Amino acid sequence: MEGRTLFHVNSTMTGGGVAELLGSVLGYLLGADVRSRWLVVEGDEDFFVLTKRIHHLLHGKDGDQGDVGRAEADVYQSTLTRELAPIADQISRGDVVVLHDPQVVGLAPHLRRMGASVIWNCHVGADAPNEHTRRAWKFLLPAASSADAQVFSRAQYIWEGLDPNCVAIIPPCIDAFSPKNQAMEPGQVQSVLAATGLLRRPWSGDDAVFTRVDGSLGRVDHAARMIEESPLPPDAPVVTQVSRWDPLKDHAGVAQSFAQAVPPDLEAHLVLAGPSPESVADDPEGLATFEELRSCVASLPELARSRVHLACLPMDDIEENAAMVNALQRYSAVVVQKSLAEGFGLTVAEAMWKSRPTVASAIGGIQDQICDGRTGVLVEDPKDLDACGKAVTDLLRDRTASDALGRAAQASVLDNFLAPRYLGRYLDLIETIVASR
Ligand code: UDP
């Protein structure tokens with residue numbers, strides 16, 4: 001990389017897996033003296049409605065059922081043409097640019113013409129391609145195939161029509177030292193959750209702290225917006241799902257499965273947590289999905305309703321938000337990820353790293369992370385509410401088995417999904433591309 005800069009480009013600085021990934025890998029790159037930059041394209045509502053549609057299509061779902069034709073290509077291209085100029089100003093011949101996800105792949109042909117080596121990393125995909133996936137491929141293929149290489153999280157996601165010699169499989173990673181995943185003492189976990197408003201207990205400002213990426217001390221100052229009938233009881237076992245408010249994460253399904261299949265005598269409570277819904281720039285569906293979830297929870301039977309807590313975690317300070325997620329995952333007796341589709345599912349690796357027993361749908365990249373019965377529990381049919389609830393119940397009842405799953409889970413993440421492993425794979429790919437140009 002000597003004399004070259006490595007650029008990462010995506011479409012949001014906060015919220016979602018890619019922002020999470022870039023926030024941590026950039027530090028490792030800079031620490032290894034690789035000159036690195038992260039650029040974010042901006043778009044208007046039309047652009048993000050379209051790219052969210054494409055996101056759903058790539059997952060094999062029909063999303064908002066809109067078109068991806070000539071008019072949409074104009075919306076897409078005009079935004080990226082406008083965004084290209086400030087990006088192009090910073091990039092020199094020989095630099096390496098990694099474009100993340102469909103929002104920015106349209107920049108590939110332009111950047112390549114400027115003499116940059118371009119990698120497109122597609123973080124989403126469908127286990128079995130269908131007519132929806134193929135519509136998205138058709139829309140994006142000319143841009144995607146103009147990149148020097150295309151990176152997918154798993155082999156099943158590779159597109160038809162790409163040159164197999166230019167494709168690499170690199171699953172994403174988590175950063176063990178980031179505010180999201182750094183070690184926390186049990187007292188610190190409880191204080192962070194108390195400061196967030198999730199637990200009602202006295203806490204000291206000196207305990208509701210975390211270490212920022214720059215090494216300084218951070219303090220949890222903002223509270224979550226809680227939608228709940230009453231606060232979490234101090235000793236209740238907590239079942240958690242943390243995700244953006246996206247229909248594919250199926251928060252409502254988690255709530256229903258909890259209500260119908262986790263017996264009340266376990267006295268467990270469910271926390272569904274996500275970013276405050278207005279805050280994720282490239283996700284226009286967040287608010288509507290959250291409101292639907294609220295009505296779904298409001299319609300649950302009374303006993304179940306009183307055990308479900310919705311937490312909108314403030315995004316004023318992204319590292320503070322990460323510390324809240326960290327504490328919540330560590331506090332949880334069981335972590336669920338009942339997604340209907342998932343490119344990789346960083347939340348699963350995050351929970352596993354914290355030695356939590358996880359129950360997750362056997363879909364997408366989750367299958368590459370959880371070995372069923374050894375490092376977590378996979379639920380075969382993501383729509384099977386009873387199966388999900390039963391798996392949660394079994395883990396709540398058998399703490400010895402849960403602990404064993406949690407320990408094996410952490411060991412597996414240590415081997416496979418931490419940042420150094422990811423960066424090693426990426427730098428190998430870059431070496432090949434730069435050498436061949
Ligand atoms: N996340 C977060 N704050 C929130 C909700 C989610 O930091 O309030 C993070 C979560 O911890 C994970 C990422 O957002 O690191 C979501 O990545 P994942 O791959 O699970 O799903 P995506 O959002 O990319 O579909």
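Remember, it's a predicted structure, so these values are computed and weren't measured experimentally. Order of appearance sets the numbers: ligands from 1, and atoms from 1 within every ligand. Reckoned from all heavy atoms, side chains included, excluding hydrogens, waters and symmetry mates.
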Aromatic ring pairing Y426/H8, orientation class (parallel under 30°, perpendicular over 60°, tilted between):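 Correct class here is perpendicular.
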Close approach of A273 to ligand 1, heavy atoms, under 4.0 angstrom: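 No.
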G274 to ligand 1, any heavy atom closer than 4.0 Å: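 Under 4.0 Å: yes for G274.
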Distance-only donor-acceptor check, side chains [X] and [Y], under 3.5 Å:
X	Y	answer
T133	N130	yes
N181	E350	no
H309	H269	yes
Q329	T240	no
R201	Q190	yes

Backbone, side chain, both or neither: what part of [X] comes under 4.0 angstrom of ligand 1, heavy atoms only?
X	answer
L313	side chain
V242	side chain
V325	side chain
M324	neither

Whether S216 side chain and R212 backbone form a donor-acceptor pair below 3.5 Å: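 Such a contact is absent between S216 side chain and R212 backbone.
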Pick from S178, A341, A349, P275: the one approaching atom 4 (C) of ligand 1 most closely through a non-hydrogen atom: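 It is P275 whose heavy atom sits nearest to atom 4 (C) of ligand 1.
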Nearest option to atom 21 (O) of ligand 1, as decided by whichever heavy atom of R244, K249, Q241 sits closest: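 Nearest option to atom 21 (O) of ligand 1, by heavy atoms: K249.
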Heteroatom distance test (Q329, ligand 1): nitrogen or oxygen, under 3.5 angstrom: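 Checking ligand 1 against Q329, no N or O pair falls under 3.5 Å apart.
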Could you identify the single nearest non-hydrogen protein atom to [atom] and state the distance to 0.1 Å?
atom	answer
atom 3 (N) of ligand 1	N321 OD1, 2.8 Å
atom 9 (C) of ligand 1	K180 NZ, 3.6 Å
atom 12 (C) of ligand 1	E350 OE2, 3.3 Å
atom 24 (O) of ligand 1	G17 N, 2.7 Å
atom 19 (O) of ligand 1	L346 N, 2.9 Å

Carboxylate-amine/guanidinium contact K390 D384, below 4.0 Å: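 Here K390 does not pair with D384 in a salt bridge, since their nearest N and O are not under 4.0 Å apart.
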Criterion side chain to side chain contact (heavy atoms under 4.5 Å, CB included) on R307 and E267, from CA distance to verdict: CA-CA 8 Å; R307 293 188 293 142; E267 296 187 354; over 6 Å; no
Stepwise ring-ring contact (aromatic ring centres under 6.0 Å, His included) test for Y28 and Y422: CA-CA 11 Å; Y28 284 83; Y422 172 84; 9.9 Å; no
Under 4.0 Å to a heavy atom of E342 - the qualifying atoms of ligand 1, by number: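 Listed by number with element: 21 (O), 25 (O).
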Where ligand 1 meets G345 - atom numbers and elements under 4.0 angstrom, heavy-atom basis: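 Listed by number with element: 19 (O), 20 (O).
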